J.: 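Got a structure for you, questions after.
Just so it is clear, the model here is predicted, and its values are computed rather than measured. In what follows, chains carry the letters A, B, and so on, assigned in the order in which the sequence lines appear, proteins first and then strands, with residues in each chain numbered from 1.
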Amino acid sequence: MIDIKAFRDDPERFRAGARDKGMTCEFDRLIALDDARRRILTELEGKRAEQNRISKEIGPQIGKAKGALKSAADADRARLEAELRDLEAKPLALKNQVAVLESELQRIEPDWHAVLLTIPQPPAADVPKGKGSEDNVEIRRWNPAGFDASKPFAANRGFTPRGHLDLVKQHRMVDFERGVKMAGTRHYALTGWGMRLHQAVLRMAFDFMTVENGFTAVGVPVIVKEECMVGTGFFPAGREQAYHIEESKRGSGHDLFLTGTGEVGLMGLHADEILSHDDLPLRYTTVSTCFRREAGAAGKDTAGLYRIHQFDKVEQVVVCKADDAESRAWHARMLGYVESLLQRLELPYRLLQCCSGDLGVKNEDMIDVECWMPGRGEAGSDGVPTGAYGETHSASRLGDFQCRRLNLRYRDEQGRIHFAYALNNTVLASPRILIPLLEIHQQQDGSIAIPAALRPYLGGAERIG
RNA sequence: GGACAGGUGGCCGAGUGGUUGAAGGCACCGGUUUGCUAAACCGGCAUACGGGGUAUAUCCCUGUAUCGCGGGUUCGAAUCCCGCCCUGUCCGCCA
């Protein structure tokens, strides 16, 4: 959520931000609602102040008058009743005025808040402007020894690569048919080496973050209340992407939603809290199952493990002080973790600076990591895919946007309260990461070489098949 | 799922219609005293939003709201009524 005061001071900054992100917002409506809200609030509070003052002054008199009335002789009743009416006239009139203003406010405030939630965080000043992913800017590439992703796979390894669908079938690692039978399209079952590899890479990533990098291991709910989805910034914009559990329809409790990332649980942990400055930075990592409806992705990546409704992900989240330099430093470190992990898995990758048009509502800066997937991309003249980079990680800087929504604050050394800055980044998502892992490490005979760093998590096995 | 009990500030806890944004205690911060520490004493100590001011300072003044959440009664609600949520205990069921 943006700061409404910052918006009042400089609405153009937010208009430009939304333009750069390619989003249209009801800015004029927000201004009108905000003006109306403040006008009513000022008036209402004035009336209430008067109400409070009068109530203190004549409240006790009313009490006394009522008492007198009770024990009064019939002869005095009419006079006492009139006195009481006089006393009550003013507060009664005020009460009615307050009620009118309150109902006006109640009409406006939900809209005001709803529109406010839709205003995106403006991109950071140094984020390149662009329309969409085609305008993202490559930052750097990395290749494992003996492999150059700029050349075809065959030129590197001396044989034609097979896609992960093929490899997975040969080694009976994934059962798509039965997955679909049970849960429908974009579902799957991991079997044998598939499940072992899946667990191995997740565990390796999790250990890497906790043991080597000092992140706090956390387990979080993956079914959460709506306010958790709104707080983390996934709602209202991403409502269609989340599975919705309509508990309220059963007449009990409230609706729940399946989270699409562990970020929701990790960030939700400290919602509505005021932390101490020495609690920061929070460095949390979790491994959680992620659920995505993939609404609007019909026809995209329908085959294989790339785009699926359920997967597991090791996620990293940092909550730091409201300091741009510190946030940027963490962003770099969090990307560094991913790079060393991918290097240990010996997977070619590249980093992309996402342009303004590719940013979501909540981030001011985002860097994607893409792994080279030999089986991806257009088929060449020989019918073999040329290979392509595919997104496996996404590292976001959120500024205070997310913590403002979550109401997650901290007290600084001087005792002043600020909304914290938040960052998040994938550590490793599987089974998507198995695509490059299998495709890059496939051997001519169809076996899969296991990178040395992963072997301890697979009972020391060096290859599959 | 059923039956009771309960939800007050960072924590404990008082408070059943008005002067209680909320006693008291603990914790915390500042000060005095003091070889040091401790103790004692004095003072401070919620958050949000609105309005105003100025040396425009994340500084001052002022108002409003908030005692789980929402609604109601009342001139006036932490206090009374209704609904919901949550917690505890017991019973039932169960990975």
J.: The side chain of A:Asn52 is closest to which nucleotide in this list: B:rA46, B:rU64, B:rG50?
T.: B:rU64
J.: With side chains defined as the heavy atoms from C-beta onward, is the minimum distance between A:Ile119 and A:Leu30 less than 4.5 Å?
T.: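 Yes, side chains in contact.
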J.: When you compare B:rU47 with B:rU79, how far apart are their P atoms, in angstrom units rounded to a whole number?
T.: 24 Å
J.: Between B:rC75, B:rU58, B:rU64, which nucleotide gets closest to the side-chain atoms of A:Lys95?
T.: B:rC75
J.: Considering only atom C1', compute the distance from B:rA77 to B:rU66 and round it to an integer number of Å.
T.: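 It comes out at 13 Å once rounded to the nearest Å.
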J.: For a quick check of understanding: with a heavy-atom distance under 4.0 Å over all strands, which category does A:Arg404 fall into, base, sugar-phosphate or nothing?
T.: nothing
J.: Over 60° means perpendicular and under 30° means parallel, so classify the ring planes of A:Phe7 and A:Phe27, tilted if in between.
T.: parallel
J.: The side chain of A:Glu45 is closest to which nucleotide in this list: B:rA48, B:rA65, B:rC49?
T.: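 In terms of side-chain proximity for A:Glu45, the closest of B:rA48, B:rA65, B:rC49 is B:rC49.
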J.: Considering every strand shown, what is the Watson-Crick or G-U wobble mate of B:rG6 when both distances are under 3.5 Å?
T.: B:rC86
J.: Pick the C1' atom in B:rU8 and in B:rU87, then give their distance to the nearest Å.
T.: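 One C1' to the other, the span is 15 Å.
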J.: When rounded to the nearest Å, what value does the distance between C1' atoms of B:rC28 and B:rA46 take?
T.: 13 Å
J.: Just to be sure I understand the rule, does A:Leu44 reach a base, reach only the sugar-phosphate, or reach nothing, if contact means heavy atoms closer than 4.0 Å?
T.: nothing
J.: Is the shortest side-chain N/O distance from A:Arg409 to OP1 or OP2 of B:rA48 below 4.0 Å?
T.: yes
J.: Taking the six-membered ring of A:Tyr457 as reference, does the cationic atom of A:Arg203 (NZ for Lys, CZ for Arg) lie under 6.0 Å from its centre and within 45° of its axis?
T.: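 The answer is no, since A:Arg203 fails at least one limit relative to A:Tyr457.
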J.: Could you please name the option among B:rG51, B:rC75, B:rG63 that lies closest to any side-chain atom of A:Ala49?
T.: B:rG63
J.: Can you check the distance between B:rG9 and B:rA78, where both ends of the measurement are the C1' atom (answer in whole Å)?
T.: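 Between the two C1' atoms, the distance is 12 Å.
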J.: Reckon A:Lys5 touches a base, only the sugar-phosphate, or nothing at all at heavy-atom distances under 4.0 Å?
T.: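 The answer is sugar-phosphate, as A:Lys5 gets under 4.0 Å only of primed atoms, P, OP1 or OP2.
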J.: Tell me which of A:Thr42 and A:Gln51 sits closer to the 5' end of RNA chain B, going by the nucleotide each one is nearest to.
T.: A:Thr42
J.: Nearest to the A:Arg48 side chain among B:rG63, B:rC75, B:rA65, which nucleotide is it?
T.: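 The closest nucleotide is B:rA65.
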J.: Assess A:Arg432 against A:Tyr306: is NZ or CZ under 6.0 Å from the centre of the six-membered ring, and within 45 degrees of the ring's axis?
T.: yes
J.: Would you say a side-chain N or O of A:Arg53 is under 4.0 Å from OP1 or OP2 of B:rG63?
T.: no
J.: Counting Watson-Crick and G-U wobble pairs only, both distances under 3.5 Å, name the nucleotide matched with B:rG1, or none.
T.: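 Answer to the pairing question: B:rC91, which forms a Watson-Crick or G-U pair with B:rG1.
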J.: For A:Ile4 and B:rC49, give me the distance from atom CD1 to atom C1', rounded to whole Å.
T.: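 One finds 12 Å between C1' of B:rC49 and CD1 of A:Ile4, rounded.
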J.: Of A:Asp34, A:Asp111, A:Asp3, A:Ile4, which is the lone residue that meets side-chain contact (heavy atoms from CB on, under 4.5 Å) with A:Leu116?
T.: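 Of all the options given, the one that passes is A:Ile4.
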J.: Assuming nearest nucleotide by heavy-atom distance, tell me which of A:Arg38 and A:Gln106 is located more 5' along RNA chain B.
T.: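 It is A:Arg38 whose nearest nucleotide is closer to the 5' end.
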J.: Say you pick atom P in B:rG70 and the same atom in B:rC85; how far apart are they, in whole Å?
T.: 15 Å
J.: Determine the Euclidean distance between corresponding C1' atoms of B:rU62 and B:rG72; express it in Å to zero decimal places.
T.: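 Those two atoms are separated by 32 Å.
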J.: With rounding to the closest Å, how many angstrom separate the C1' atoms on B:rG17 and B:rG10?
T.: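 Straight-line distance between the two C1' atoms is 30 Å.
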J.: Counting side-chain heavy atoms from CB outward, which of B:rU47, B:rG76, B:rG50 is closest to A:Leu41?
T.: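 Nearest listed nucleotide: B:rG50.
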J.: Can you spot which of A:Glu104, A:Glu43, A:Glu109 makes a salt bridge (charged side-chain N to carboxylate O under 4.0 Å, His left out) with A:Arg37?
T.: A:Glu109
J.: Write down the partner of B:rA48 under the Watson-Crick or G-U wobble criteria, each distance required to be under 3.5 Å.
T.: B:rU64
